[in-house]
Undergrad: 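Before I ask anything, let me first share the structure, which is written out below as structure tokens.
The analysis underlying the following values was restricted to heavy atoms, covering all of them including side chains, and did not include hydrogens, waters or symmetry mates.
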Amino acid sequence: MRIVVIGHGMVGSRFAQDAAARVPGAHVTVLGREDTAPYNRVLLSSVVAGKADADAIALVSPDADAVDVRQGVSAVEIDRARRLVTASDGSVHRYDRLVLATGSAARVPQIQHVANPDGLVPGVSVLKDLADAQGILAALPKARRAVVLGAGVLGLEVATGLAARGLAVTLVHHADRLMERQLGSSASQVAEGSLGRLGMTVVTQASVTRVVERRGRISAVELSNGAEILTDLLVMCAGTIPETALARRAGLPCERGVVVGTDLASPADPHVFAIGDCAQPPEGGTGLVAQGWDQAQRLVDAWAGAPIAPRDDAAGTDRTNVVRVKASGLEVVTMGLSGKFEHGDRLLRAVRISDPAVGRFVEVVIHEGRLVGATVVGDKATATDLQALYTRGLPVPSDPAHLIVRPIPGAAPASRNAADMADADTVCQCNTVSKGRITDAIADGCESVEDVSRATRACTGCGDCKSLVKEMLVTAASDRKVPAMAGTGEA
């Protein structure tokens with residue numbers, strides 16, 4: 001079976017690896033626009049914040065013997081009648097099945113003078129790929145002030161990262177609250193208070209309308225409320241737009257994204273599939289990499305003839321819908337129903353704790369004995385416990401208040417020391433990798449975080465589990481050492 005994958009990002013590269021390994025007779029070709037190996041886009045904001053090096057966010061590349069990867073080569077045309085893909089280097093690739101994993105592009109708002117004929121004005125940037133991150137890093141030595149447009153997940157991560165580097169940061173957001181898709185008013189107020197304590201200025205219900213240049217670089221921005229803010233940098237985190245141009249030219253149905261059915265195939269062509277940010281499945285796209293990974297796994301399972309696990313959830317909960325903000329000095333995690341959720345005809349129970357003075361907010365939403373939503377600000381341990389309950393669909397105590405006032409039975413322990421964790425406890429929440437699985441991988445010869453990632457996929461998501469994996473590696477190395485005087489005692 002000839003499989004062509006267009007897109008070599010976090011979703012496309014994972015699908016290619018799994019398809020080559022599990023689909024009988026598969027020959028996989030990947031066309032990747034960027035001239036780099038796949039990397040973890042989720043951690044780009046950590047690169048900007050100085051918490052991760054660009055080299056450290058590289059992902060495991062597919063085995064060259066199993067997958068033909070064409071880096072720096074984009075697809076320019078799809079001939080569905082002949083099942084051919086023409087690439088930018090002139091090569092033509094025949095397929096039996098075509099998988100679109102083209103991802104999304106950063107949305108650039110309509111701002112006066114934000115660009116010139118050569119592109120964005122120097123000092124203005126988005127953050128969508130590694131080149132964007134490197135451009136921001138190059139501008140930092142001469143920057144003292146920054147404006148970040150957009151207070152979604154990425155905007156919060158970038159703003160706190162720049163503030164941690166010593167810049168005076170103003171965060172500008174169009175809505176009346178931060179992360180309005182995930183946070184209600186109370187949670188947003190707690191988060192905003194935490195940002196204030198970090199020295200940041202937050203401006204809501206406003207947007208940037210004009211860029212002011214001086215000597216060929218940005219020097220200030222004007223806001224819709226009439227204010228002018230001096231700045232050396234403007235980073236636009238205003239959302240994304242699914243990459244559908246190629247699919248549209250091929251005559252595939254597209255709305256916001258490439259329309260697909262529950263089988264992830266286009267309704268216009270059973271040989272063409274779409275996964276990740278570019279896809280628009282019946283349940284809608286979340287923009288989260290976990291949804292793309294889940295789609296990749298479902299597609300490989302179907303083609304490999306593996307049994308498809310039933311999605312039995314009385315509340316219709318998408319267990320991949322977990323949003324985690326990786327911000328310097330601000331912890332925010334949401335899952336499932338959060339913010340201004342509607343009860344509808346379901347009997348939902350909600351309990352919350354709000355303590356703005358210390359920057360803590362926790363809310364849990366329960367349906368028929370299961371956690372179907374949670375919002376956590378400023379409490380990493382509780383967020384970890386709740387995420388374990390949510391992703392596993394475990395039953396919760398009869399009194400939901402116990403979820404936020406004492407440790408949760410059956411979930412991951414509040415302690416995040418690997419030594420205190422049981423083998424069944426989850427170390428990598430993003431990929432549901434247990435301590436036992438990592439221990440086995442180390443016993444089989446893994447000697448570095450990269451080795452463990454290659455064997456288990458731990459540390460390839462948000463990166464929070466990397467310290468635990470390092471701890472386990474150090475412990476294993478220590479256990480392998482034999483004391484010099486062992487066995488030399490007197491009889």
Undergrad: Ignoring hydrogens, what is the shortest heavy-atom contact between Ser45 and Leu154? Give both atom names and the distance.
TA: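 In terms of heavy atoms, the two residues are closest at CB-CD1, 4.2 Å.
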
Undergrad: Between Arg41 and Glu34, is there a side-chain N and carboxylate O pair less than 4.0 Å apart?
TA: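 A salt bridge is present here (some side-chain N lies under 4.0 Å from a carboxylate O).
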
Undergrad: Checking side-chain polar atoms at under 3.5 Å, does Gln205 have a donor or acceptor matched by the opposite partner on His173?
TA: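 No, no side-chain donor-acceptor contact under 3.5 Å.
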
Undergrad: Given 3.5 Å as the limit, does a donor-acceptor pair link the side chain of Glu157 with the main chain of Lys326, or not?
TA: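 Checked: pair present.
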
Undergrad: Per the salt bridge (Lys or Arg N to Asp or Glu O under 4.0 Å) rule, what does the pair list look like for residues 51-61, sequence neighbours excluded?
TA: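 Passing the test, one end in residues 51-61: no pairs.
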
Undergrad: Kindly determine whether Tyr390 and Asn321 satisfy side-chain contact (heavy atoms from CB on, under 4.5 Å), including the steps that lead there.
TA: CA-CA 10 Å; Tyr390 177 79; Asn321 189 16; 4.2 Å; yes

Undergrad: Report the residues that fulfil side chain to side chain donor-acceptor pair (under 3.5 Å) with Ser46, sequence neighbours left out, ordered by chain and then residue number.
TA: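 Scan of Ser46 (side chain to side chain donor-acceptor pair (under 3.5 Å), adjacent residues dropped) gives none.
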
Undergrad: Under the side chain to side chain donor-acceptor pair (under 3.5 Å) test, which residues partner Ser186, sequence neighbours left out?
TA: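 For Ser186, the residues satisfying side chain to side chain donor-acceptor pair (under 3.5 Å) (neighbours in sequence not counted) are Arg352.
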
Undergrad: Verify whether one side chain among Glu243 and Ser104 offers a donor that lies under 3.5 Å from an acceptor in the other.
TA: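 Judged by distance alone, the side chains do not pair up.
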
Undergrad: Which residues satisfy the side-chain contact (heavy atoms from CB on, under 4.5 Å) test with Leu198, sequence neighbours excluded?
TA: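 By the side-chain contact (heavy atoms from CB on, under 4.5 Å) rule, Leu198 matches Thr160, Leu195.
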
Undergrad: With a 3.5 Å cut-off and no angle check, do the side chains of Asn431 and Thr460 form a donor-acceptor pair?
TA: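 Yes, Thr460 and Asn431 have a side-chain donor paired with an acceptor closer than 3.5 Å.
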
Undergrad: Does atom CZ (Arg210) have a neighbourhood of more than 12 heavy atoms from anything else shown, all under 6.0 Å?
TA: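 Yes, the 6.0 Å shell around CZ holds more than 12 heavy atoms from other groups.
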
Undergrad: Rounded to the nearest 0.5 Å, what separates atom CG in Leu59 from atom CZ in Arg14?
TA: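 Leu59 atom CG to Arg14 atom CZ measures 8.5 Å (nearest 0.5 Å).
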
Undergrad: Residues two or more places apart in sequence or in another chain: which of them pass ring pair (Phe, Tyr, Trp, His ring centres under 6.0 Å) with Phe273?
TA: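 For Phe273, the residues satisfying ring pair (Phe, Tyr, Trp, His ring centres under 6.0 Å) (neighbours in sequence not counted) are Trp303.
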
Undergrad: Among side-chain atoms of Arg324 and Gln387, is any donor-acceptor pair under 3.5 angstrom?
TA: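 Distance-only check passes for Arg324 and Gln387.
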
Undergrad: Tell me which pairs pass side chain to side chain donor-acceptor pair (under 3.5 Å) where either residue lies in residues 246-267, with sequence neighbours left out.
TA: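 Every side chain to side chain donor-acceptor pair (under 3.5 Å) pair that includes a residue of residues 246-267, provided the two are not neighbours, is Thr244-Arg248, Glu255-Gln280.
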
Undergrad: With the threshold set at 4.0 Å, does a side-chain nitrogen-carboxylate oxygen contact exist between Arg349 and Asp399?
TA: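 No, no charged N to carboxylate O under 4.0 Å.
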
Undergrad: For the residue pair Arg370 and Gly393, what are the closest heavy atoms and their distance?
TA: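 Scanning both residues, the minimum pair turns out to be NE-O, 2.7 Å.
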
Undergrad: Mind checking whether Asp18 and Gln297 have side chains closer than 4.5 Å, heavy atoms only?
TA: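 Answer no - side chains too far apart.
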
Undergrad: Out of Val158, Val124, Leu140, Val148, which residue meets the side chain to side chain contact (heavy atoms under 4.5 Å, CB included) rule with Leu233?
TA: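 That would be Leu140.
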
Undergrad: For the OG1 atom of Thr334 and the CG atom of Leu386, what is their distance to the nearest 0.5 Å?
TA: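 Thr334 OG1 to Leu386 CG: 12.0 Å, rounded to 0.5 Å.
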
Undergrad: To the closest 0.5 Å, what do you measure between CZ (Phe361) and CD1 (Ile353)?
TA: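 Taking CZ in Phe361 and CD1 in Ile353, the distance rounds to 10.0 Å.
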
Undergrad: Between the side chain of Asp132 and the main-chain N/O of Lys128, is any donor-acceptor distance below 3.5 Å?
TA: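 Yes: the side chain of Asp132 pairs with the backbone of Lys128.
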
